[in-house]
Amino acid sequence: MTHDVKESFTSVPEQPSAATSPATAAAAAPAPPAPAALAAKVRTLAPSMTRSMQRVAEAVAADPAGCAALTVTGLAELTGTSEATVVRTARLLGYPGYRDLRLALAGLAAQQQSGRAPAVTADIAVDDPVADVVAKLAYDEQQTLADTAAGLDTVQLGAAVAALATARRIDIYGIGASGLVAQDLGQKLLRIGLVAHAHSDPHLAVTNAVQLRSGDVAIAITHSGSTGDVIEPLRVAFDHGATTVAITGRPDGPVAQYADHVLTTSTARESELRPAAMSSRTSQLLVVDCLFTCVTQRTYETAAPALAASYEALAHRHTPRNR
């Protein structure tokens, strides 16, 4: 069995055809993001937007209360764009139209005015004292986790969990920092009795992907969504009929073309003293933990004894030896 390659996600979703009833279209369309998820969606999708759409997205994220009070014409004038650009931006952020985006902005503004502490900048200077570095990194890690949780599609997550729980074999691909996350997921799944292998060597990854078929699962972990050494084995697995999953910060990236399910991680701003790999690893590990925990729930009758057996087998290695 093979899949049809999906189109890029960068295009604006088409409107339902005349033959599709409003009720059917509403049932099929995903729910708009909650107000708390809006800022996370902007950070995640902004890099893939046109410059004019970025101006709209940045404006609504920076001043939700002010933008909520504007008509579509007013926001277009404020950002130096067009009404069509404002509507396209709203749809790309997950809202059916500008009216829905305004409602989300009003909700976000209300949350921000409810007494939440002002945000701490995560920019780290060369002369920052150690205590400030710790505080800034802790804040940024918390923001990364919150953004990832807010933007994670639980329907896609549930589908990936269902495939993993019944998989004959699971291959996981990752390079560099993402390779460490792939190893973490592979080890976790092995401990609950699943046949899982992480591959950081691109040649071995493709060689193994050729052996996959329907009933198997392949997972690609790539923050950029464009890492060729990760995309290639996922494409091979996709072509051979395996269920494919992408964990990525760029849901519009090339990796999504070969993914049945896309799990989006937070896209953090890179700085001189804090490379993007630090934040991407944090968000990827959250998604990995969500996958592992949900699969363990789903396979508890077999997962629990497997976990107990692994703990028992390793117990002597954690016991201090008598001298």
Does one hydrophobic cluster hold both [X] and [Y], with members joined at side-chain heavy-atom distances below 4.5 Å?
X: L189; Y: Y173; value: no
X: V217; Y: I192; value: yes
X: Y258; Y: I247; value: no
X: L108; Y: L78; value: yes
X: L286; Y: V288; value: no

Do you know the tightest heavy-atom contact between [X] and [Y]?
X: V86; Y: Y98; value: CG1-CD1, 3.6 Å
X: A259; Y: T244; value: CA-OG1, 3.3 Å
X: V56; Y: L75; value: CG1-CD2, 4.1 Å
X: S266; Y: H223; value: O-CE1, 3.4 Å
X: H240; Y: V210; value: CD2-O, 3.3 Å
X: L212; Y: A237; value: CD1-CB, 3.7 Å

Original post:
Just by distance, with hydrogens left out, do R55 and S52 show a side-chain donor and acceptor under 3.5 Å apart?
Top reply: no
**OP:** Using only heavy-atom distances, determine whether the side chains of T243 and D260 contain a donor-acceptor pair under 3.5 Å.
**Re:**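 Absent: no donor and acceptor within the cut-off.
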Can you give each donor-acceptor pair under 3.5 Å made by side-chain atoms of residues 294-304, sequence neighbours left out, with the distance rounded to 0.1 Å?
unit_1 : atom_1 : unit_2 : atom_2 : d
T296   : OG1    : F292   : O      : 2.8
T299   : OG1    : V295   : O      : 2.8
T302   : OG1    : T299   : O      : 3.1

Answer yes or no: is there a side-chain heavy-atom contact under 4.5 Å between [X] and [Y]?
X: I219; Y: I221; result: yes
X: R91; Y: V87; result: yes
X: L263; Y: D153; result: no
X: Q257; Y: F238; result: no

Approximate separation, where rounding is to 0.5 Å, of [X] [atom1] and [Y] [atom2]:
X: T71; Y: R99; atom1: OG1; atom2: CZ; value: 14.5 Å
X: T50; Y: R88; atom1: OG1; atom2: CZ; value: 7.0 Å
X: S280; Y: R250; atom1: OG; atom2: CZ; value: 13.5 Å
X: C290; Y: L285; atom1: SG; atom2: CG; value: 11.0 Å
X: D100; Y: Y95; atom1: CG; atom2: OH; value: 9.0 Å

Is the backbone N or O of [Y] less than 3.5 Å from a side-chain atom of [X], with the two atoms forming a donor-acceptor pair by type?
X: D216; Y: R213; answer: yes
X: S310; Y: L307; answer: yes
X: T265; Y: G249; answer: yes
X: T148; Y: T144; answer: yes

Using atom types as modelled, flag every donor-acceptor pair under 3.5 Å from a side chain in residues 174-187 to any protein atom, sequence neighbours excluded.
unit_1 : atom_1 : unit_2 : atom_2 : d
S178   : OG     : Q284   : NE2    : 3.2
D184   : OD1    : K188   : NZ     : 3.0
D184   : OD2    : K188   : NZ     : 2.6

Original post:
Do L93 and M49 pass the side-chain contact (heavy atoms from CB on, under 4.5 Å) test, and can you show the C-alpha distance, the side-chain angles, and the key distance before you say yes or no?
Top reply: CA-CA 10 Å; L93 291 173; M49 293 178 177; 3.8 Å; yes
Original post:
Which residues satisfy the side-chain contact (heavy atoms from CB on, under 4.5 Å) test with T166, sequence neighbours excluded?
Top reply: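 None.
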Original post:
Who are the side-chain contact (heavy atoms from CB on, under 4.5 Å) partners of A306, not counting sequence neighbours?
Top reply: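 With neighbours one apart ignored, the set is empty.
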Only pairs under 3.5 Å count here: list side-chain donor-acceptor contacts from residues 58-69, not counting sequence neighbours, and write none if there are none.
unit_1 : atom_1 : unit_2 : atom_2 : d
D63    : OD1    : G66    : N      : 3.0

Original post:
Considering residues, nucleotides and ligands other than R51, do more than 12 of their heavy atoms fall under 6.0 Å from its CZ?
Top reply: yes
Original post:
Given R169 and D171, is the salt bridge (Lys or Arg N to Asp or Glu O under 4.0 Å) satisfied, shown in steps?
Top reply: CA-CA 7 Å; R169 169 179 158 183; D171 276 12; 3.3 Å; yes
**OP:** Evaluate the side-chain contact (heavy atoms from CB on, under 4.5 Å) criterion for residues V195 and R168: first the C-alpha distance (whole Å), next the side-chain angles of each, then the deciding distance (0.1 Å), finally the verdict.
**Re:** CA-CA 7 Å; V195 179; R168 179 189 70 97; over 6 Å; no
Original post:
Would L152 and L157 count as a side-chain contact (heavy atoms from CB on, under 4.5 Å) if you check the C-alpha gap in whole Å, the side-chain angles of each, and the deciding distance to 0.1 Å?
Top reply: CA-CA 8 Å; L152 192 58; L157 177 64; 4.1 Å; yes
Can you give each donor-acceptor pair under 3.5 Å made by side-chain atoms of residues 227-234, sequence neighbours left out, with the distance rounded to 0.1 Å?
unit_1 : atom_1 : unit_2 : atom_2 : d
T227   : OG1    : T222   : OG1    : 3.0
T227   : OG1    : S224   : OG     : 3.4
E232   : OE1    : R235   : NE     : 3.4
E232   : OE2    : R235   : NH2    : 2.8

Subject >> Worked check of side-chain contact (heavy atoms from CB on, under 4.5 Å) between H197 and I170 >> reply: CA-CA 6 Å; H197 302 284; I170 301 162; over 6 Å; no
